[in-house]
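Have a look at the structure below before the remarks.
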Amino acid sequence: MSTNQLPISKKDSRLYMSFMYVTYISLLIGGLMGLLQTFVRSGKYTLPFGIDYYTILTVHGVILGLVFTTYFIIGFQYSLMAKTVGLSDKQRKVAWFGFIVMLVGTVMAAVTILVGEASVLYTFYAPLRAHPAFYFGLAFVIIGSWIAAFVNFRQLYVWKKAHKGEKSPLLAFMVVINMLMWFIATLGVAASVIIQFIPWSLGYAETINVLLSRTLFWYFGHPLVYFWLLPAYMAWYAIIPKIIGGKLFSDSLARLAFILLLLFSIPVGFHHQLTEPGIDPVWKFIQVVLTFMVVIPSLMTAFSIFATFEATGRRKGFSSLFGWFKKLPWKDVRFLAPFIGMVAFIPGGAGGIINASHQMNALVHNTIWITGHFHLTAATTVVLTFFGITYWLVPHLTGRRLTPKLNKLGIIQSFIWTIGMIIMSGSMHIQGLIGGPRRSAFSEYAGGAQVETWAHYQLAQAIGGSILFIGILLMFYIFIQLTFFAPRGVQEFPIAEEEDFAEKSPKILENWYLWIGITILLILFAYTIPMIDIIKHSPPGSPPFDWLIGR
């Protein structure tokens with residue numbers, strides 16, 4: 001793996017930091033909405049000024065699940081591409097255009113939600129209907145992200161053209177895999193928004209095919225989880241080894257893991273629809289099997305990371321069974337925050353297996369267990385890794401340093417986040433197992449002894465949410481310090497070298513025609529017949545093109 005790093009210019013830094021500004025403003029707003037949610041659900045607080053509970057629920061989900069993650073990921077990936085394959089002036093201009101398109105869409109959707117015209121949650125399930133501006137805003141965000149994807153594709157293409165026969169830099173390869181997955185996945189939600197929701201919201205269509213819209217959403221919704229996760233994997237594979245003083249265990253294993261994640265992340269959306277009628281159980285079973293295939297690259301990743309930890313420790317002379325573990329840089333927040341995220345992914349992955357298993361899913365489906373699972377995977381594994389990246393990426397881009405004081409604050413923030421999430425997510429999981437519903441405000445629950453039982457867990461969620469919001473305020477403070485006030489200096493952009501004993505990566509791992517072709521075939525296999533059935537057997541007036549043909 002080449003470690004030849006290209007410099008990031010001030011012009012480039014301004015672009016990447018623009019994404020970071022939106023990221024951390026979103027974190028602050030979305031975190032406040034989450035805090036208010038837990039207060040309302042505790043039954044001890046009523047929203048002032050007539051604010052609707054579902055408005056803040058929608059803001060929380062959209063701004064953290066879509067805006068916070070997407071802006072951070074695109075900004076981070078741009079920096080990885082610039083460091084490994086470069087960014088031309090023309091590419092930078094196109095990237096700025098994509099950012100502006102995304103920002104316009106974000107503002108449109110956010111304003112629509114805040115004025116109470118789009119309280120449809122982040123899944124925006126029909127028959128809930130929002131103002132057309134909400135759907136147009138979503139479309140602009142998707143289009144802007146596509147522009148970023150094609151800039152990334154162009155960056156690697158230009159590099160490969162100038163370095164014929166050479167293996168592409170691992171991080172650039174990983175970015176392209178993630179953006180390929182994102183582009184293919186968002187075709188589904190884009191089709192739903194443009195063909196179904198926008199005409200319906202504008203009044204051109206009287207009805208909407210609910211099952212089709214949900215199917216198109218979950219065609220996108222599950223790979224969205226991997227879109228969040230793969231940048232964390234990038235850091236675990238190729239950046240954390242450098243931070244701990246080690247090397248990448250295997251370049252070819254990392255590439256194969258990302259290829260498998262591309263293949264098995266998209267044709268699996270039905271495992272989110274196991275309780276829905278209208279989809280043949282055979283196809284649900286097939287997609288559940290494909291879902292479980294993701295376990296393979298996940299275990300490959302766990303093996304690679306802990307092999308890196310052990311090899312690094314033993315290289316430093318620690319020969320006992322766990323001596324190497326004791327000597328990891330626990331006082332370096334750049335390592336500690338992502339490591340806590342790795343540990344959280346163990347129970348998070350176990351919960352995912354439960355969610356994807358038909359009989360066990362029936363127990364937890366539409367309960368607050370699902371919300372607890374999201375907070376364990378996305379809001380702990382992914383977010384803590386993003387925080388760990390922030391501690392070195394932001395000062396690198398702003399020409400400042402992560403000082404010992406800010407490092408210590410980061411460690412405190414990591415523990416605050418961990419404690420708050422254990423309390424909140426843990427109580428969500430338990431309440432879900434005893435039937436506590438998701439999405440609903442406390443006041444809407446049926447009366448009786450069961451509500452009294454749920455109330456204890458609701459209060460725990462409010463306590464956990466309060467601790468988490470303290471963590472958000474501290475993280476926002478650290479971000480401001482690293483951006484504007486930390487001492488001037490040079491902060492390392494850590495990219496690991498490959499182990500000397502690693503095997504050479506086979507050329508087939510960079511055969512894009514092969515892997516994209518297999519991905520498309522898997523999607524066609526998993527979705528063609530079910531989609532035909534959904535449209536063929538839909539109620540009168542609900543097929544997607546009725547508004548075009550005048551029915």
Side-chain angles (χ1 to χ4, degrees), residues 1-20 23 69-88 91-92 94-96 98-99 145 147-160 162-163 166-183 226-243 247-248 251 254-255 257-259 261-262 301 305 334 338 382 385-398 491-498 505 510:
M1 176 180 169
S2 174
T3 57
N4 295 327
Q5 295 190 28
L6 302 171
I8 294 181
S9 69
K10 289 185 177 180
K11 289 182 179 180
D12 293 344
S13 293
R14 281 195 289 271
L15 171 64
Y16 313 149
M17 282 303 298
S18 296
F19 283 94
M20 294 299 147
T23 295
T69 52
T70 304
Y71 278 85
F72 182 90
I73 290 166
I74 293 177
F76 173 50
Q77 290 184 161
Y78 268 141
S79 74
L80 295 179
M81 296 297 284
K83 268 289 176 184
T84 54
V85 298
L87 181 75
S88 69
Q91 290 165 356
R92 188 189 311 110
V94 177
W96 269 116
F99 171 78
S145 71
I147 294 170
F150 281 98
V151 170
N152 293 152
F153 300 158
R154 178 68 181 175
Q155 286 174 281
L156 184 59
Y157 172 79
V158 171
W159 187 94
K160 292 286 286 184
H163 300 79
E166 293 185 34
K167 177 176 67 176
S168 62
L170 176 61
L171 284 167
F173 174 88
M174 289 173 160
V175 169
V176 169
I177 286 282
N178 199 31
M179 293 310 272
L180 265 173
M181 181 184 68
W182 174 254
F183 176 71
Y226 291 97
F227 178 67
W228 299 336
L229 188 60
L230 289 192
Y233 275 20
M234 295 174 201
W236 297 356
Y237 270 111
I239 290 167
I240 294 297
K242 177 70 172 179
I243 291 172
K247 295 184 177 182
L248 172 72
D251 179 278
R255 291 176 195 261
F258 268 64
I259 288 169
L261 286 164
L262 171 67
T301 300
I305 291 165
R334 299 175 303 160
V382 171
T385 302
F386 287 1
F387 289 168
I389 292 166
T390 299
Y391 292 121
W392 57 262
L393 178 61
V394 169
H396 181 88
L397 296 177
T398 57
Q491 183 69 42
E492 177 190 30
F493 195 112
I495 299 179
E497 298 178 8
E498 190 176 7
S505 296
E510 291 202 66

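What you see is a predicted model; the values in this text were computed from it and never measured.
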Report task. Please list, chain by chain and in numerical order, all residues satisfying side chain to side chain contact (heavy atoms under 4.5 Å, CB included) with Ala95, sequence neighbours excluded. Result -> Leu15, Tyr78
**Report entry** Side-chain H-bond candidate by donor/acceptor type, Thr385 with Trp236, under 3.5 Å
**Finding:** yes
Query raised in the report: What residues, two or more places apart in sequence or in another chain, satisfy side chain to side chain contact (heavy atoms under 4.5 Å, CB included) together with Thr23?
Result: Phe68, Tyr71, Phe72
**Report entry** Identified side-chain contact (heavy atoms from CB on, under 4.5 Å) counterpart of Met174 within the set Ile177, Val176, Leu171
**Finding:** Leu171
**Report entry** Counterpart residues, side chain to side chain donor-acceptor pair (under 3.5 Å), relative to Ser13 (two or more places apart)
**Finding:** none
Query raised in the report: Within the distance-only criterion (no hydrogens, no angle test), does the side chain of His163 pair as donor or acceptor with the backbone N or O of Trp159 below 3.5 angstrom?
Result: yes
**Report entry** Distance in Å, Phe258 CZ paired with Met181 CE, rounded so as to fall on 0.5 Å steps
**Finding:** 9.0 Å
Report task. For Arg255, check salt bridge (Lys or Arg N to Asp or Glu O under 4.0 Å) against everything at least two apart and list the hits. Result -> Asp251, Glu510
Query raised in the report: Can you name the nearest heavy-atom pair linking Leu87 to Gln155, along with the distance?
Result: CD1-NE2, 3.4 Å
Report task. Please confirm whether the backbone N or O of Leu6 pairs with a side-chain atom of Lys83, one donor and one acceptor, at under 3.5 Å? Result -> yes
Query raised in the report: Atom CD in Gln77, atom CG in Asn178: separation rounded to 0.5 Å?
Result: 4.5 Å
Requested in this report: Check whether any side-chain heavy atom of Thr84 sits under 4.5 Å from a side-chain heavy atom of Val175, and report yes or no.
Outcome: no
Query raised in the report: Given Leu156 and Ser168, is the side-chain contact (heavy atoms from CB on, under 4.5 Å) satisfied, shown in steps?
Result: CA-CA 8 Å; Leu156 184 59; Ser168 62; 3.7 Å; yes
Query - Counterpart residues, side chain to side chain donor-acceptor pair (under 3.5 Å), relative to Ser145 (two or more places apart) - result: Trp182
Query raised in the report: Ala496 and Pro241: which non-hydrogen atoms are nearest, and at how many Å?
Result: CB-CB, 3.7 Å
Report summary line: Smallest heavy-atom separation, Trp228 atom then Thr69 atom, equals NE1-OG1, 3.1 Å
Report summary line: OG of Ser18 to CG of Leu397, rounded to nearest 0.5 Å, is 10.5 Å
Query raised in the report: Closest heavy-atom contact between Gly86 and Gln91?
Result: O-OE1, 4.0 Å
Report task. Walk me through it: do Val151 and Met81 pass the test side-chain contact (heavy atoms from CB on, under 4.5 Å)? Result -> CA-CA 10 Å; Val151 170; Met81 296 297 284; over 6 Å; no
Query raised in the report: Less than 4.5 Å apart, any side-chain heavy atom of Ile305 and any of Ile240?
Result: no
Report summary line: Sorted by chain and residue number, the side chain to side chain donor-acceptor pair (under 3.5 Å) partners of Thr398 (sequence neighbours excluded) come out as none
Report task. Check Phe386 against Pro231 and note the closest heavy-atom contact, atom names and distance. Result -> CE1-CB, 4.0 Å
Query raised in the report: How many angstroms lie between CD in Glu492 and CZ in Arg334, if you round to the nearest 0.5 Å?
Result: 6.0 Å
Query - Within-4.5 Å side-chain heavy-atom neighbours: Ile389 and Ile239 - result: no
Requested in this report: Using a cut-off of 6.0 Å, state whether more than 12 heavy atoms not belonging to Lys242 lie near its atom NZ.
Outcome: no
Requested in this report: Quick one: list whatever passes side chain to side chain contact (heavy atoms under 4.5 Å, CB included) with Ala257, sequence neighbours left out.
Outcome: Tyr237, Pro297, Met300, Thr301
**Report entry** Derivation of the side-chain contact (heavy atoms from CB on, under 4.5 Å) call for Phe493 and Leu80
**Finding:** CA-CA 9 Å; Phe493 195 112; Leu80 295 179; 3.8 Å; yes
Requested in this report: Could you pull out all residues at least two apart from Phe150 that satisfy side chain to side chain contact (heavy atoms under 4.5 Å, CB included)?
Outcome: Phe153, Phe183
Query raised in the report: How long is the span from the CG atom in Leu229 to the CE atom in Met234, to the nearest 0.5 Å?
Result: 10.0 Å
Requested in this report: Could you tell me whether the side chain of Val94 reaches within less than 4.5 Å of the side chain of Arg154, counting heavy atoms only?
Outcome: no
**Report entry** Side-chain donor/acceptor of Gln491 to backbone N/O of Leu393, under 3.5 Å
**Finding:** no
Report task. Can you measure from CZ (Phe99) to CZ (Arg92) and round to the nearest 0.5 angstrom? Result -> 15.0 Å
Requested in this report: With sequence neighbours left out, write down each residue that passes side chain to side chain donor-acceptor pair (under 3.5 Å) with Thr70, or none if nothing qualifies.
Outcome: none
Requested in this report: List the steps, then state whether side-chain contact (heavy atoms from CB on, under 4.5 Å) holds for His396 with Ser79.
Outcome: CA-CA 10 Å; His396 181 88; Ser79 74; over 6 Å; no
Requested in this report: Using a 4.5 Å cut-off on heavy atoms from C-beta on, say whether the side chain of Ile259 contacts that of Phe173.
Outcome: yes
